[in-house]
Every structure is written in structure tokens, then in C-alpha cells.
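Written below as C-alpha cells is the structure these notes are about.
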2 protein chains.
Amino acid sequence: MGAMQHPPEEDIVLTRVLYALSDEGRLAIVRRLGAKGVATCAELEDGRPKSSMSHHFRVLRQCGVVRTEVAGTSHLNSLRREELDRRFPGVLAAILAV
Amino acid sequence: MGAMQHPPEEDIVLTRVLYALSDEGRLAIVRRLGAKGVATCAELEDGRPKSSMSHHFRVLRQCGVVRTEVAGTSHLNSLRREELDRRFPGVLAAILAV
DNA sequence: CTTTAAGTTCGACATTCCTCGAACCATTTC
DNA sequence: GAAATGGTTCGAGGAATGTCGAACTTAAAG
């Protein structure tokens, strides 16, 4: 199960990113991810069932906000900061700064 | 029909703003509004029917992105830049800069 | 090899949302 | 006053989304 679906940098669409971040739960995930740097799905679940978390991570992945690397049975998630900042300078930073 | 529904500055919620801007049509409206400063609904319709435009303007209004002042039969729309920038510094600017 | 842990996928249900026509309301204009 | 203008509101249809349980997959551990 190697390659998670990550859009290439140039295919990242602003409205999709904004949509992904318009969900409180997902924004919370992104904030904590921004603070921790890297985290597994399990570390960020907040009482929500695994299937819900998986859904949110997929949304974040498909829109290009999060990168997921498989490490054994765990998935290591991190923000695609550089790519996002090149494509939409300042957007993620401004949102995370709130 | 005086008072359009505008949330006070402190009630503006980031996720709602992001959601409002996650629609291509609405983001286009906001961009053109940012460029023109003030515009009536009719000026920004882009082939879409009036009811659709009205819907989008209401979404933008309710989340605090747009302010609408009634002037006769026309509605003058503008961005709530200062309020948004106080509440979420840099967010709107970064998005509009893309 | 069996069990366990970490996530994903599938399916169902409820909710929300977008789109657009039709009817409706003020305000200005003739 | 009547017609025209600029928007809003209502309602319906259809698409997308979030939530969550259940079953499944893969890798590590025993």
C-alpha cells in the first residue's frame, strides 16, 4: 500500500485548501500538526472514531495540505508547508497564526 | 427593509470565513470586490441568475466578509477589510494576493 | 502462525449546500 | 398611479459532506 494520494504542488487549488480548513475538526488537526511537526493519526484523534479521522486526513491529503508517510502500521502526517507557502504565500501561516 | 444581517466583528468565525471563500464563485466575487472597493450585486453577476447571486452575497454577509449598505434599490457591497484584518491578521490579504 | 495495532474502505443516514425559476418587495421613474 | 429596476425569499431537485459502525488489510509482536 505504498503511495498515498498526494497532489503535486502545482495542482493544489486554493479553494480546496480553504474548504478543507473550513471544518473545525480538520483545522484543529492542522493546528496540532503545525505545532508538533509530525504526528500519527492516533495521536490526533480527539475522541472521534478512527473512520472519521481517516476521512478527515484523506480530505487534508487530497487537497494538498497534509503529507502522509507510511511507517510500518503507523502513518506519519505532516503539513506541506513549503509547497503551500510557495503556491499561496502567507495563507497557511496567517491561518495558523490566529 | 433596513438592517442587513452583519455579525459584529467579535462574532466572526474563521472557519465560516474560510468556508465562504472556498467556493470559486464567491472567491471571485470577493476578489473583484477587493479590486473595485464597492460594487452592486448586479455589477458582479457573471451570467448567474439573481437568486444565485443573492444567495452567495448572503453567505458572504453572514460570515462577516462582506458589508452591504442599502442605497435606494441598489445594494452597495464592500469587503469588511479592517474588521477581518483585526480579527485574523493577514488572512484575507494573503488569500486575495494569490 | 496467531494476535494485536493502526488505518483504510464501505455503506447508510442525516444534514447541508448550490442552482435556479417563480413570486414578491421596495424604490425610483415615467 | 403604473411600470421598471434591483434584490430578496421561497421551494424543489440533486449533489456533496460529515458521522460512525463493521469488515478488511498490512505490518509488527509474541
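These figures come from a predicted structure and were not determined experimentally. Naming: A, B, ... by sequence-line order, numbering from 1 per chain.
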Atom pair distance, as rounded to whole Å: CD in A:Gln62 and C1' in D:dT17: 13 Å
C:dT9 OP1/OP2 closer than 4.0 Å to side-chain N/O of A:Ser54: no
Steps toward side chain to side chain contact (heavy atoms under 4.5 Å, CB included) verdict (A:Val65, A:Arg26): CA-CA 10 Å; A:Val65 170; A:Arg26 281 193 297 258; over 6 Å; no
Nucleotide D:dG6, atom P - distance to CZ of B:Arg58 in whole Å: 21 Å
Nearest heavy-atom neighbours spanning A:Arg67 and A:Leu79: NH2-O, 3.2 Å
Touch class at under 4.0 angstrom, heavy-atom based, for B:His55 against every strand present: base
Contact under 4.0 Å: A:Thr73 side-chain N or O vs D:dT26 OP1/OP2: no
Length of the CG-P vector between B:Asn77 and D:dG7, whole Å: 8 Å
Most 5' of A:Ala71 and A:His56 on DNA chain D, judged by nearest nucleotide: A:His56
Contact under 4.0 Å: B:Arg48 side-chain N or O vs C:dC18 OP1/OP2: no
Positive for salt bridge (charged side-chain N to carboxylate O under 4.0 Å, His left out) with A:Glu9, one of A:Arg81, A:Arg80, A:Arg87, A:Arg86: A:Arg86
Sugar-phosphate only, base, or nothing, as touched by B:Ser74 at under 4.0 Å among non-hydrogen atoms: sugar-phosphate
Backbone of B:Ile95 reached by a side-chain donor or acceptor of B:Arg31 within 3.5 Å: yes
Atom-pair distance (NZ on A:Lys50; P on C:dT4), nearest Å: 14 Å
Whole-Å distance separating the CZ atom of B:Phe57 from the P atom of D:dT9: 14 Å
Phosphate OP1/OP2 of C:dT8: any A:Arg61 side-chain N/O under 4.0 Å: yes
Nearest-neighbour nucleotide for the B:Ser51 side chain, C:dG21, D:dT8, D:dA28 considered: C:dG21
Listed nucleotide nearest any side-chain atom of B:Ala42, set C:dA6, D:dG7, D:dC20: D:dG7
Any donor-acceptor pair under 3.5 Å from A:Asn77 side chain to A:Ala39 backbone: yes
Among D:dG18, D:dC20, C:dG7, the nucleotide that comes nearest once only the side chain of A:Pro49 is considered: D:dC20
Atom-pair distance (CE on A:Met53; P on C:dT8), nearest Å: 10 Å
Separation of atom CD in A:Glu45 from atom P in C:dA6, rounded to whole Å: 9 Å
Value in whole Å for how far the C1' atom of D:dG18 lies from OH of B:Tyr19: 12 Å
